[in-house]
Amino acid sequence: SGNDHIITQVDRDGNGVFDLKTDDNTTVSVGYRTQVVQDFANNGTLLDKTTIVKNDDGRTRNTQIDRNGDGKNDQTDVITIDGSGISTDTLSDFVSGEMTDQVITTTLANGLSITTTTDEDGDSVYETKVTDNTVITAGVSTTETVTTTNKDGTARNWKTITTTADGLEITTASDFNGDSFADLTTT
């Protein structure tokens, strides 16, 4: 059936009393499985809890972490895949139930374009956006361009790395201050 339930008890100081109990319970449903791992003190107090719901596709999942046993998520990580294969990974941190920061990473199905937006203060507005695009010219070269922009769309910095098809020559151009001009080029 795929359902598993494992309980582990640990006596850390050898006094014959279990100091920690871990309850790891996995249930299988149609299309997904849910794993709940909980740690308890010897008096039964919940210390932490992690819940992972993972779809059968092996990629789509929802992870919720309560690091201190207060019943509120301290971190969530949700990965979704749309019909065209684009994955979106939303990683959020919380304090007392309030979001403090969030990073959203979107990756095209072919893996050649990745966009990461970062909300540094939990106000649901991103402060930085990083785009990482790779262009492959068959038999000639691969060019990867990484660009960081501010929330108002202005450039913060960029870097372009071009590698010849044989891998013998790598050229890197970097703009450190967002003025659209390469401040450093190396070959």
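For the numbers below, each heavy atom of this structure counts, side chains included, while hydrogens, waters and symmetry mates do not.
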| query | Do Leu46 and Gln38 have side chains that get closer than 4.5 Å, going by heavy atoms? | reply | yes
| request: Find out whether Thr50 and Gln64 are in side-chain contact, i.e. whether some heavy atom of one side chain is under 4.5 Å from a heavy atom of the other. | output: no
| remark: By side-chain hydrogen bond (donor to acceptor under 3.5 Å, both in side chains), Ser113 pairs with (sequence neighbours left out) Asn133
| request: Applying side chain to side chain contact (heavy atoms under 4.5 Å, CB included) between Thr51 and each of Val37, Thr63, Thr34, report the one that passes. | output: Thr34
| Validation row: Ile161, Ile170 side chains within 4.5 angstrom (heavy atoms) | yes
| message | Check whether Glu127 reaches the backbone of Glu120 with its side chain - one donor and one acceptor, N or O, closer than 3.5 Å. | response | yes
| task | Rounded to the nearest 0.5 Å, what's the gap from CZ on Phe181 to CH2 on Trp158? Could you check? | result | 10.0 Å
| request: Quick one: pull up NZ in Lys159 and CD in Glu144 and give me the separation to the nearest 0.5 Å. | output: 9.0 Å
| request: State the CG-OG1 distance between Asp132 and Thr145, to the nearest 0.5 angstrom. | output: 8.5 Å
| Side-chain touch Ile7/Lys21, heavy atoms, less than 4.5 angstrom | yes
| said: Just so I know, are the side chains of Asp24 and His5 near enough to count as touching, which here means a heavy-atom distance under 4.5 Å? | reply: no
| Sub-3.5 Å donor-acceptor pair from the side chain of Thr164 to the main-chain atoms of Glu169, do we have one? | yes
| Among all residues two or more places apart in sequence or in another chain, which pass the side chain to side chain contact (heavy atoms under 4.5 Å, CB included) test with Lys129? | Thr115, Thr117, Tyr126, Thr131, Thr149
| task | Report the hydrophobic cluster partners of Ile79, with the cluster defined as I, L, V, M, F, W, Y residues connected by side-chain heavy atoms closer than 4.5 angstrom, directly or transitively. | result | Ile81
| Are a donor atom and an acceptor atom from the side chains of Thr76 and Asn73 found within less than 3.5 Å of each other? | no
| To which residues is Met99 joined in a hydrophobic cluster, defined by side-chain heavy-atom contacts under 4.5 Å among Ile, Leu, Val, Met, Phe, Trp and Tyr, whether direct or through other members? | Phe94
| Side chain proximity check, Asn25 to Gln35, heavy atoms < 4.5 angstrom | no
| Under 4.5 Å side-chain linkage, directly or through intermediates, the cluster mates of Ile104 | none
| message | With side-chain hydrogen bond (donor to acceptor under 3.5 Å, both in side chains) as the rule and sequence neighbours excluded, what pairs involving residues 178-187 come up? | response | none
| query | For Asp152, what residues pass the side-chain hydrogen bond (donor to acceptor under 3.5 Å, both in side chains) criterion, not counting sequence neighbours? | reply | Thr154
| Test side-chain hydrogen bond (donor to acceptor under 3.5 Å, both in side chains) applied to Asp82 - qualifying residues, sequence neighbours left out | Ser84
| field | Minimum heavy-atom distance between Gly167 and Thr163, given as atom pair plus value | value | CA-CG2, 3.9 Å
| field | CA sep, side-chain torsions, deciding dist, call: Thr142, Thr162, side-chain contact (heavy atoms from CB on, under 4.5 Å) | value | CA-CA 6 Å; Thr142 300; Thr162 303; over 6 Å; no
| request: Determine whether Phe176 and Leu184 make a side-chain contact, defined as any pair of heavy atoms from C-beta on separated by less than 4.5 Å. | output: yes
| Do Asp11 and Val17 have side chains that get closer than 4.5 Å, going by heavy atoms? | no
| field | Asn55 (side chain) donor-acceptor with Tyr32 (main chain) under 3.5 angstrom | value | no
| Which pair of non-hydrogen atoms, one from Gly97 and one from Lys72, has the smallest distance, and what is that distance? | N-CD, 3.9 Å
| request: Examine distances only and state if a side-chain atom of Asp175 and a backbone atom of Gly178 form a donor-acceptor pair shorter than 3.5 Å. | output: yes
| task | Starting from Val146, walk the hydrophobic network (Ile, Leu, Val, Met, Phe, Trp, Tyr; side-chain heavy atoms closer than 4.5 Å) and list everyone else you reach, by chain and number. | result | Val130
| Among pairs that include at least one residue of residues 89-104, which meet side-chain hydrogen bond (donor to acceptor under 3.5 Å, both in side chains), considering only residues two or more places apart or in two chains? | Gln75-Asp93, Ser92-Gln102
| Thr118: which of Thr105, Val103, Thr148, Leu91 passes side chain to side chain contact (heavy atoms under 4.5 Å, CB included) | Val103
| query | What distance separates Lys151 NZ from Arg156 CZ, expressed to the nearest 0.5 Å? | reply | 10.5 Å
| said: Holding to side chain to side chain contact (heavy atoms under 4.5 Å, CB included), I want the full list of residues that pass it with Asp39, two or more places apart in sequence or in another chain. | reply: Leu20, Thr22, Leu47, Asp48
| query | What pairs with Thr88 under side-chain hydrogen bond (donor to acceptor under 3.5 Å, both in side chains), at least two apart in sequence or on another chain? | reply | none
| request: Could you point out which residue of Thr106, Thr107, Asn110 forms a side chain to side chain contact (heavy atoms under 4.5 Å, CB included) with Ile86? | output: Thr106
| message | As an exercise, state the distance from OG1 of Thr134 to CD1 of Ile114, rounded to the nearest 0.5 Å. | response | 7.0 Å
| Counting only N and O atoms by type, is there a donor-acceptor contact under 3.5 Å from the side chain of Asp119 to the main-chain atoms of Ser124? | yes
